[in-house]
Number of protein chains: 2
Amino acid sequence: MVKLDPPQREWVEAIGLFLERSGFPPSSARIYGLLLMSAEPELSFEDLVATLGFGKAAVSTGLRRLQETNRVSERTRPGERRRYFRARLGPDAGVDRFRAFNSALCDLLERGIALRGSRADAEITADLEASVRFLRFLDVELGGLRARWEANGDG
Amino acid sequence: MVKLDPPQREWVEAIGLFLERSGFPPSSARIYGLLLMSAEPELSFEDLVATLGFGKAAVSTGLRRLQETNRVSERTRPGERRRYFRARLGPDAGVDRFRAFNSALCDLLERGIALRGSRADAEITADLEASVRFLRFLDVELGGLRARWEANGDG
DNA sequence: TAGTTTGTTCGTATGGTTCCGAACCAAACA
DNA sequence: TGTTTGGTTCGGAACCATACGAACAAACTA
């Protein structure tokens, strides 16, 4: 059981809603929020159940999703069977997903352009081509950005 | 009714699924896909209903959502009551949403850092601070990117 | 006025997601 | 071997979003 002020509880809820909008199920989102807000860097399964008020099932599947997407790591302490969970914070995750998304979109748009053929309206085709060019530009630049940030040694 | 090859139909479905994953309801996603694939740059309400196989209700609400988010424009032709719908393709929409998302996340993380206070685990706090710094850097750079692209006159 | 066209809105139904409680399993220990 | 602890998986219930059909509205025609 984790001690949290009311504002801290509200924050967990707020970031929970936020993560939900980016595709996480509610249980995963609250778990991640709690791991970020807790004064302790690691929490046990039981801590999560007791503090969040979710059933064990929800916490179990919520954790699984978080681990599948590399958002949470898990370890055990010597002599204890219990596992402890910790939030993993990589600033790049969002960018990576964004780039992957754009890349997939780009491929799709190119296939679309090809399928439209030459008899189709030229303006829409031109718009699609402009989108593809921009997405390619964006991908290259985002790659450079990442390199630049890491070179600065601040991440 | 719009004539589409089977591969073209599949493409509409594919980009439909793709847009669904970025938050669009299924009907909106298919409508937008069809508007992009159709040889005609504009389609009527009836075209959408007949080609997609959705009911009128679904097309109506699907279109509303697309218009609310500026993804589709509508016009009438002189002497016709019917309305014609056209896809609007802005390459920036994705970037804007990404930046808005990051900005909101950044604010949230800063509030989180403040709420954690000084008694909380320092490593997690430091990770949060690094995330904030990176997000700020990213936002600035993305702004610059946009400007650079538009200056090149290729969008 | 009566009828046709062009959509919109409402009530209901359906599909998919997520939750809970319970049953279950695996590991440690008596 | 039996018991406790730590966690997973299953079945059913609840919820939310969305689709359909039908009723409705608005605009034009005859």
Side-chain angles (χ1 to χ4, degrees), chain A residues 1-2 12-13 15-35 40 42-69 71-86, chain B residues 1-2 12-13 15-35 40 42-69 71-86:
Chain A
M1 182 69 173
V2 179
V12 171
E13 181 63 21
I15 202 159
L17 289 172
F18 198 82
L19 294 178
E20 272 189 72
R21 269 187 288 158
S22 44
F24 282 94
S27 61
S28 295
R30 302 310 184 286
I31 291 169
Y32 196 67
L34 178 54
L35 288 174
E40 299 294 323
E42 296 180 326
L43 297 180
S44 69
F45 190 91
E46 169 59 19
D47 287 332
L48 297 173
V49 169
T51 308
L52 293 172
F54 282 105
K56 291 201 293 176
V59 170
S60 180
T61 63
L63 276 172
R64 177 152 28 92
R65 288 260 176 97
L66 286 168
Q67 290 178 313
E68 280 167 3
T69 54
R71 215 77 55 165
V72 156
S73 66
E74 144 193 0
R75 73 179 196 97
T76 57
R77 298 178 182 172
E80 275 195 63
R81 195 141 71 84
R82 221 180 307 219
R83 283 182 250 167
Y84 289 87
F85 303 93
R86 172 193 291 261
Chain B
M1 183 67 173
V2 179
V12 171
E13 181 63 18
I15 200 159
L17 289 173
F18 197 83
L19 294 179
E20 272 189 72
R21 268 187 290 157
S22 45
F24 281 94
S27 62
S28 294
R30 305 307 185 287
I31 291 169
Y32 195 68
L34 177 53
L35 289 174
E40 300 294 324
E42 294 179 329
L43 298 180
S44 69
F45 189 92
E46 170 58 19
D47 287 332
L48 298 173
V49 169
T51 309
L52 292 172
F54 281 105
K56 292 200 291 176
V59 170
S60 180
T61 62
L63 276 172
R64 178 151 28 92
R65 288 261 175 97
L66 286 168
Q67 291 178 311
E68 282 166 1
T69 53
R71 215 76 52 168
V72 156
S73 66
E74 144 192 1
R75 72 179 195 98
T76 57
R77 298 176 183 172
E80 276 195 64
R81 198 140 71 82
R82 220 179 310 214
R83 283 181 255 168
Y84 290 87
F85 302 92
R86 172 192 289 262

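The figures here come from the full heavy-atom set of this structure, side chains too, leaving out hydrogens, waters and symmetry mates. By convention in this document, chain letters (A, B, ...) are assigned in the order of the sequence lines, proteins followed by strands, and residues within each chain are numbered from 1.
Here the CZ atom belonging to A:Arg83 is positioned 14.0 Å from the CZ atom belonging to A:Arg77, to the nearest 0.5 angstrom. Note: A:Arg71 CZ to A:Leu19 CG = 8.0 Å, rounded to the nearest 0.5 Å.
Here C:dT6 presents its P atom at 8 Å from CD of B:Glu46, a figure rounded to the nearest Å. Distance A:Leu52 CG to C:dC20 C1': 15 Å, rounded to the nearest Å. For A:Arg81 and D:dT5, the CZ to P distance is 10 Å, given to the nearest whole Å. The CZ-C1' distance, from A:Phe45 to D:dT9, rounds to 12 Å in whole Å. Atom CZ of B:Phe85 and atom C1' of C:dT6 are 10 Å apart (whole Å). B:Leu63 has its CG atom 12 Å from the P atom of C:dT9, to the nearest Å. Between the CD atom of B:Glu80 and the C1' atom of C:dT4 there is a distance of 15 Å, rounded to whole Å. Put simply, CZ on B:Arg77 is 19 Å from C1' on D:dC28, counting in whole angstrom units.
A heavy-atom distance below 4.5 Å is not found between the side chains of B:Phe85 and B:Leu43. By the 4.5 Å heavy-atom criterion applied to side chains, A:Pro25 and A:Arg65 are counted as neighbours.
Proximity of a side-chain donor or acceptor of B:Thr51 to a complementary backbone N or O of B:Val2 within less than 3.5 Å is detected.
Look at B:Arg82 and you won't find any side-chain N or O under 4.0 angstrom from OP1 or OP2 of C:dG7. Here A:Arg64 does not reach the OP1 or OP2 of D:dG7: none of its side-chain N or O atoms lies under 4.0 Å away.
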Could you run down the sub-3.5 Å N/O contacts of the protein with nucleotides 13-20 of chain D?
residue: D:dA19; atom: OP1; partner: B:Ser27; partner atom: N; Å: 3.1
residue: D:dA19; atom: OP2; partner: B:Ser27; partner atom: OG; Å: 3.3
residue: D:dC20; atom: OP2; partner: B:Gly55; partner atom: N; Å: 2.7

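More than 12 heavy atoms of other residues, nucleotides or ligands shown are found within 6.0 angstrom of CZ on A:Arg86.
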